[in-house]
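Before any comments, here is the structure.
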Amino acid sequence: MFCNMFSVSQGSVLEAEVFGLDPYSQYSFCVEAVNGAGSVSSPWVEVMTLEASPTGLGNFTVEQREEGRALLLSWDEPHAPNGVIRMYNLYSEGNLEFSGLTRSFLFRRLEPWTVYSLTLEACTKAGCAHTPLQHITTAAAPPASQLPPRPLSVGSDHVSFTWDPPSQPNGPIGKYSLLGRSLEERRRLGINKEDTDGAKVLFTETSPQQAESLSYTVTGLRPWTQYEFRVCTHNTAGHTCSPWVTVTTRQAPPRGLASPTVRHVQDRPSEVVVSWAPPLEPNGVLQSYRIHRNNVSFSFSFDPTVLTYTDEDLQPFSTYSYSVTACTSEGCITSPQTNITTLEAPPVMVEAPTVDAITSDHVNISWVKPLMQNGEVTEYVLKMNNKEAYRGRDLNTALSDLQPHTSYQLVLLACTRGGCTTSNTRTVVTEEAPPTHLAAPTLKVTGPESVEITWRPPNHPNGIITGYELCRDGEVIYVGTDTHYHDFTLQPSMEYSYVVRANNSRGTVSSKVATAKSHPSAPSGVGLPTLTSLVATQVRVEWQTPARPNGQIVSYAVYLRDPVQLNITSAVFTPEHSVFSDKQIILQGLSPYR
């Protein structure tokens with residue numbers, strides 16, 4: 001609470017007026033009496049000022065809705081209501097559009113891109129306050145009611161159009177587009193007539209003058225063709241398109257008449273079949289066709305449904321040219337010429353090929369042209385052992401990667417378009433080469449002193465094998481043409497390696513090494529033991545490894561013979577005993593001096 005002092009100088013004045021108070025506000029008052037001795041105050045009295053018209057009423061806040069056909073208007077309370085707001089009123093062009101206590105209103109049924117003058121009124125019991133006139137423009141909407149373009153003139157390859165702006169632009173027009181498409185293409189693609197698919201933009205005007213007609217001439221059209229055209233109008237909110245209008249261009253001379261197809265008749269060199277296709281662009285209704293041979297027109301023409309003709313009585317292996325003329329009511333077109341040479345026949349007298357520069361894997365082959373070609377020789381085919389080895393137009397070739405010392409049968413075919421003729425057979429044998437791929441020999445151990453060796457000829461002898469050499473541990477032990485050998489005088493339990501070499505007139509090939517170990521046999525060359533007396537009852541027996549173990553020693557046996565008792569005792573020592581490796585033993589318990 002705050003307190004302001006209002007003073008009254010005359011004690012006889014018993015009332016006072018207070019100014020500058022806010023409307024519809026509560027105030028507290030008290031009276032203070034003062035004399036020379038002091039002062040006294042009355043109790044506080046509450047009082048409410050009366051209402052007044054509001055002040056500080058602001059403009060609308062506007063949101064565009066429904067593509068320019070509605071405005072969402074909202075506003076704040078007056079800065080100073082000066083009472084209880086009993087009503088808000090909204091006026092458009094002086095007409096009351098809204099009355100209520102909510103502070104928003106969706107203003108509908110408006111026209112796009114239109115200026116509306118709005119006023120807001122706020123009322124208390126004491127009076128009303130108005131905002132200044134507020135001008136609001138609705139948003140643009142897509143244009144509507146665009147009429148189709150009107151054809152002014154129609155030619156065989158062009159159409160001139162004019163069109164007017166839409167009756168409802170709904171905003172500033174920013175662009176016009178003229179669209180077009182072929183009716184035949186639309187039907188082929190199965191496009192609905194109302195769709196814009198398949199259409200091309202033929203013309204665009206980006207700075208049109210408002211409320212003015214436009215015109216444009218579409219060129220590059222095909223004669224005697226149905227087209228659909230429409231105009232699309234654009235503004236900032238969208239676009240609309242007119243209905244399609246169908247226009248048929250006028251006839252013209254045909255275009256795109258391809259040269260005729262001329263083919264031979266099998267086994268009839270004096271005849272050819274001439275056929276042709278309708279022009280790619282008939283440009284109207286075809287009336288007739290006419291054929292020209294060697295630039296001379298036939299004396300008769302053909303109905304438009306006839307597309308083939310057999311020309312007879314021609315010279316074999318001669319060149320002729322053919323062209324076709326197609327006509328509509330507006331003119332004719334003649335196709336390019338097609339040249340054809342009548343059928344050829346196979347050549348006559350083809351000589352066998354000539355062979356030289358023969359090596360083990362390579363030969364050079366050449367030939368001459370047939371004496372009577374009966375046409376143009378298109379290729380030569382060289383067959384080797386009934387397989388094609390060369391095809392082309394040259395008169396020579398080289399064959400490589402051949403097998404040494406191999407016979408090949410060569411035949412030459414000379415071909416024209418009329419067929420081929422085969423020469424006699426020429427036989428050629430390649431030279432020898434060193435043999436290759438000799439497998440290791442097979443070894444069979446037949447005893448402690450013998451091994452049987454067998455082998456096969458090389459996989460690729462590359463000539464005539466003249467002989468074999470068998471080596472044992474690098475030493476030649478056999479030379480001959482046999483493919484087996486029995487090797488004797490070997491040492492028991494010894495490993496031997498064998499290699500076979502095969503020879504022809506060009507060289508030698510060696511096999512891989514094969515090894516075998518002879519069977520073991522009883523040892524030989526066992527020396528006498530060495531005896532040493534140690535004490536009266538002990539003797540040390542020592543021995544050496546046999547001179548020829550003939551295998552792996554598996555045991556030693558020591559025999560003791562008593563000359564008095566006439567008995568023999570023995571002891572056997574295997575590798576598990578230390579005596580076996582030490583090769584000595586001390587005999588104990590013997591009789592002294594015996």
Side-chain angles (χ1 to χ4, degrees), residues 149-161 180-189 191 198-200 202 216-229 244-266 268-316 318-343:
R150 301 185 302 276
L152 298 177
S153 63
V154 179
S156 61
D157 61 352
H158 69 276
V159 179
S160 296
F161 288 101
R181 65 187 178 191
S182 167
L183 182 62
E184 176 186 358
E185 184 177 356
R186 176 179 68 80
R187 290 173 177 171
R188 180 176 59 81
L189 297 176
I191 300 173
K200 294 182 180 179
L202 305 175
Y216 180 73
T217 299
V218 181
T219 58
L221 303 180
R222 298 195 302 270
W224 198 240
T225 304
Q226 286 187 307
Y227 290 94
E228 293 179 328
F229 299 93
W244 290 97
V245 60
T246 302
V247 178
T248 302
T249 53
R250 295 173 58 86
Q251 293 193 51
R255 294 182 60 186
L257 180 60
S259 55
T261 299
V262 186
R263 60 181 176 84
H264 300 104
V265 180
Q266 186 175 3
R268 299 171 118 180
S270 62
E271 295 182 9
V272 295
V273 177
V274 183
S275 58
W276 58 93
L280 295 178
E281 301 176 13
N283 295 340
V285 180
L286 292 176
Q287 295 182 335
S288 64
Y289 292 106
R290 188 178 294 271
I291 293 180
H292 307 265
R293 185 210 301 144
N294 292 345
N295 296 321
V296 177
S297 175
F298 284 11
S299 60
F300 51 90
S301 60
F302 300 91
D303 186 82
T305 59
V306 178
L307 297 174
T308 186
Y309 173 73
T310 301
D311 196 12
E312 302 174 347
D313 300 327
L314 304 177
Q315 295 297 321
S318 299
T319 301
Y320 294 89
S321 62
Y322 291 89
S323 59
V324 177
T325 297
C327 299
T328 65
S329 61
E330 296 295 328
C332 301
I333 183 176
T334 300
S335 73
Q337 291 184 343
T338 297
N339 297 324
I340 187 172
T341 300
T342 49
L343 289 174

query: Hey, are T341 and T319 close enough side-chain-wise for a donor-acceptor pair under 3.5 Å?
result: yes
- request: Check whether any side-chain heavy atom of P260 lies under 4.5 Å from a side-chain heavy atom of T338, and answer yes or no.
  value: yes
Salt bridge (charged side-chain N to carboxylate O under 4.0 Å, His left out) partners of E184, counting only residues at least two apart: none
task: Indicate the atoms forming the closest heavy-atom contact of V285 with W224, along with that distance.
output: CG2-NE1, 4.2 Å
- prompt: Quick one: are R290 and S301 in side-chain contact, heavy atoms under 4.5 Å?
  reply: yes
Reported CD-to-OH distance for the pair Q337 and Y322, which is rounded to 0.5 angstrom: 11.5 Å
- prompt: When the ring centroid of Y289 is compared with that of W276, is the distance short of 6.0 Å?
  reply: yes
message: A side-chain contact here means heavy atoms from C-beta on lying under 4.5 Å apart; do W244 and L183 qualify?
response: no
field: Residues D311, R293: salt bridge by 4.0 Å N-O rule
entry: yes
query: Side chains of N283 and R255: closer than 4.5 Å at any heavy-atom pair?
result: yes
- prompt: Can you check side-chain contact (heavy atoms from CB on, under 4.5 Å) on L152 and F161, steps first, answer last?
  reply: CA-CA 6 Å; L152 298 177; F161 288 101; over 6 Å; no
- prompt: Would you call R181 and E228 a salt bridge, using N to O less than 4.0 angstrom?
  reply: yes
Within 6.0 Å of CD in Q266, more than 12 heavy atoms from elsewhere: no
Separation of R222 CZ from E281 CD (nearest 0.5 Å): 6.5 Å
- prompt: How long is the span from the CZ atom in R263 to the CD1 atom in I340, to the nearest 0.5 Å?
  reply: 9.5 Å
message: Using side-chain contact (heavy atoms from CB on, under 4.5 Å), reason through T249 and S156 one step at a time and then give a plain yes or no.
response: CA-CA 5 Å; T249 53; S156 61; 5.6 Å; no
message: When you compare the side chain of F229 with that of V247, does any pair of heavy atoms fall below 4.5 Å?
response: yes
task: Using side chain to side chain contact (heavy atoms under 4.5 Å, CB included) as the criterion, point out the one residue from P278, S323, P336, S335 that pairs with L257.
output: S335
- request: To the nearest 0.5 Å, tell me how far S318 OG sits from L343 CG.
  value: 11.5 Å
query: Per the side chain to side chain contact (heavy atoms under 4.5 Å, CB included) rule, which among P253, P254, C327 passes with I333?
result: P254
message: Is there a side-chain contact (heavy atoms from CB on, under 4.5 Å) between S270 and E312? Walk through the geometry before answering.
response: CA-CA 6 Å; S270 62; E312 302 174 347; over 6 Å; no
- request: Can you run down the salt bridge (Lys or Arg N to Asp or Glu O under 4.0 Å) pairs that involve residues 319-332, sequence neighbours left out, and say none if there aren't any?
  value: none
- prompt: Does the side-chain contact (heavy atoms from CB on, under 4.5 Å) test come out yes or no for Y320 and N294, once each step is laid out?
  reply: CA-CA 6 Å; Y320 294 89; N294 292 345; 3.6 Å; yes
statement: Residues T328 and A252: closest non-hydrogen pair is OG1-O, 3.1 Å
Please list, one pair per line, the donor and acceptor atoms closer than 3.5 Å that link side chains of residues 302-310 to other protein atoms, with sequence neighbours excluded.
unit_1	atom_1	unit_2	atom_2	d
D303	OD2	T305	N	3.1
D303	OD2	T305	OG1	2.7
T308	OG1	V274	O	3.4

query: Are any of the side-chain heavy atoms of H158 and L221 separated by less than 4.5 Å?
result: no
task: Identify the two heavy atoms, one from T325 and one from H292, that lie closest to each other, and give their separation to 0.1 Å.
output: OG1-NE2, 2.8 Å
